> 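Before I ask anything, let me first share the structure, which is written out below as structure tokens.
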Amino acid sequence: MAFDINSTLNKTVVDIPPSGIRRFFDIAATMEDVVSLGVGEPDFVTPWHIREAGILSLEKGHTHYTGNAGLMELRKEICNYMNRRFDLKYDAATQVLVSVGGSEAIDAAIRCLVTPGDEVIIPEPAFVCYVPMVQMAGGTPVTIDLKEEDEFRLTAKQLREAITPKTKLLILPFPNNPTGGIMAKEDLEEIAEVLAETNIVVLSDELYAELTYGGEKHVSIANIPGMMERTVVINGLSKAYAMTGWRIGFACGPAPLIKQMIKVHQFGIMSAPTTAQYAAIEALRNGDSDIAMMKEEYDMRRRYIIDGFNKLGLTCFEPKGAFYVFPCIRSTGLTSEEFCTKLLEEQRVAVVPGNAFGASGEGFIRVSYAYSIKNIEKALERIERFMKK
Amino acid sequence: MMTKDKKLELLNIIARDENLTYAQMALLAGMSEAEVAATIYELEQEGVIVGKHTLINWDKAGQERVVALIELKVTPQYGEGFDRIAERMWQYPQVRSVYLMSGAYDILVEVEGATMKEVALFAAERIAPMDCVVSQNTCFVLRKYKQNGIVYEKDNQDDRQVVL
């Protein structure tokens, strides 16, 4: 019998479709003079004082593993940060895990909670990792289609309808990538009311928590009375401090859950990169003004780009978080994929089709404004030419 | 009437890129175009907006320009202080900037000319003989790396890669 590697592969993994974002950018990469509004990470370079702290840690020879949960000094800074910025109190010794980016913490949390047969509620459009992670853990993803008329918020009614006796976990990805939607305190209170009658755990992905605009300060569901004990908050330094490449995220939550997550983390990862952990300490300790500076810049670009799309007749609701706008392209009569493919071919502008983030993203495109005003302007001019055709 | 915060926001926007149109500034600052125009007029009248300047890399443009920083120790004039001395300096078109300093010297003068000789002679013949000048130290600028917050030779390549 001939050996066939394909027959040995885990079917659950094989069946996960390739990313819709990637496929698109593979095409864009073969073209010249492409103006991109596609990338989902800050365009800022990590502030120098933070980079310097990383360099200094190398000079001092801090090149070993750290404790599995992360440096205690960093975990303490994380607790200070969560308390200072979001009014959430955690114990550094038992309630914090430093992970390799937010994604690893999300994966660890899902693996520690979800067993075969469990259902996980995932509001969509959302970041692309949740469904595959749930599937790999043997769980069943139950998606909720968020609506533009609700400003892509999760409503209590939608949540109530999705809950079954098998529901184990609710993913709450706000501020949202790709829509830029947020959940206000009142929205979360309604969600909390539904959850209070259940045994459902909440995974609140708050990577974009620092990036909210128009006076809307981020509120975590863990801030709602009674919710802290059932919520694991995932946050990190990637988006707030422009530190994507450093790979530092963290999870804060109930000690029994964090204890299990540390096991998953320690066997799969060992510990988050040491240099990056030292840089993270400096960021959390002295980086509040960096956040303010970058946020102000994003906010300006946000106003600029919303106005641009509305003038082009591609209406978008006002996104109050993250660094994405999610304009509706239905008026063109094209599907999201057709729109993006044609826009790329005819005008060399790369944006991401909304359906890459779930079926309910159909009819929309994700546009990132983590780009310079010049770049945004150039892209808008080209989209205008495209629309006139 | 604009609030002070709004005015400062607008000033920060202008300080970063003076080539923006009023319409663009309005969007970035979250104001109306008319408000931008009125506020800028007001700020100009108040002397808050003093002038505009385009930073040019003259080396790259193919025209040599020699810049020197002259550190001066001076004796302030009775009743007129340093201001009168500074005024005498800035009258020369060769003088690009004049600063009153704390530290080892009193006044810093930035002088620009076509050649090193021209700048050196200007320092020797115009600045040095002034009654008030006690001592001077002329330092020539060899290369500009960063000026007014702008880096001269910057790699603007977007090296972000698509990860998902």
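Remember, it's a predicted structure, so these values are computed and weren't measured experimentally. Reminder, nothing fancy here: chain letters follow the sequence lines and each chain counts from 1.
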> Side chain from CB out, backbone as N, CA, C, O: work out which of these in A:Asp26 comes under 4.5 Å of a heavy atom of chain B, or both, or neither.
neither

> How long is the straight-line distance from CZ of B:Arg160 back to OH of A:Tyr371, given to the nearest 0.5 Å?
4.5 Å

> Rounded to the nearest 0.5 Å, how far apart are CE of A:Met300 and CG of B:Asn12?
7.5 Å

> I need the B:Gln24 CD to A:Asp307 CG distance, nearest 0.5 Å.
10.5 Å

> With a 4.5 angstrom heavy-atom cut-off, could you sort out which part of A:Ala370 is near chain B: side chain, backbone, both or neither?
both

> Using heavy-atom distances under 4.5 Å, tell me whether B:Asp159 contacts chain A through its side chain, its backbone, both, or neither.
neither

> Should the heavy atoms of other residues, nucleotides or ligands under 6.0 Å from OH of B:Tyr92 be counted, would the total exceed 12?
yes

> Does atom NZ of B:Lys73 have more than 12 heavy-atom neighbours from other groups under 6.0 Å away?
no

> Does B:Lys6 NZ have over 12 foreign heavy atoms under 6.0 Å away?
yes

> In plain terms, say whether B:Glu9 and A:Arg303 are close enough for a salt bridge, that is, a side-chain N and a carboxylate O under 4.0 Å apart.
yes

> How far does CD1 of A:Ile306 sit from CG of B:Leu27, to the nearest 0.5 angstrom?
10.0 Å

> Taking side chain as C-beta onward, heavy atoms only, is A:Ile373 less than 4.5 Å from B:Leu28?
yes

> Please say whether more than 12 non-hydrogen atoms of neighbouring residues, nucleotides or ligands are located less than 6.0 Å from OH in B:Tyr41.
no

> Looking at A:Arg51, I'd like to know if its CZ atom is crowded, meaning that more than 12 non-hydrogen atoms belonging to other residues, nucleotides or ligands lie closer than 6.0 Å.
yes

> Under 6.0 Å from the CZ atom of B:Arg96, do we count more than 12 heavy atoms belonging to anything else shown?
no

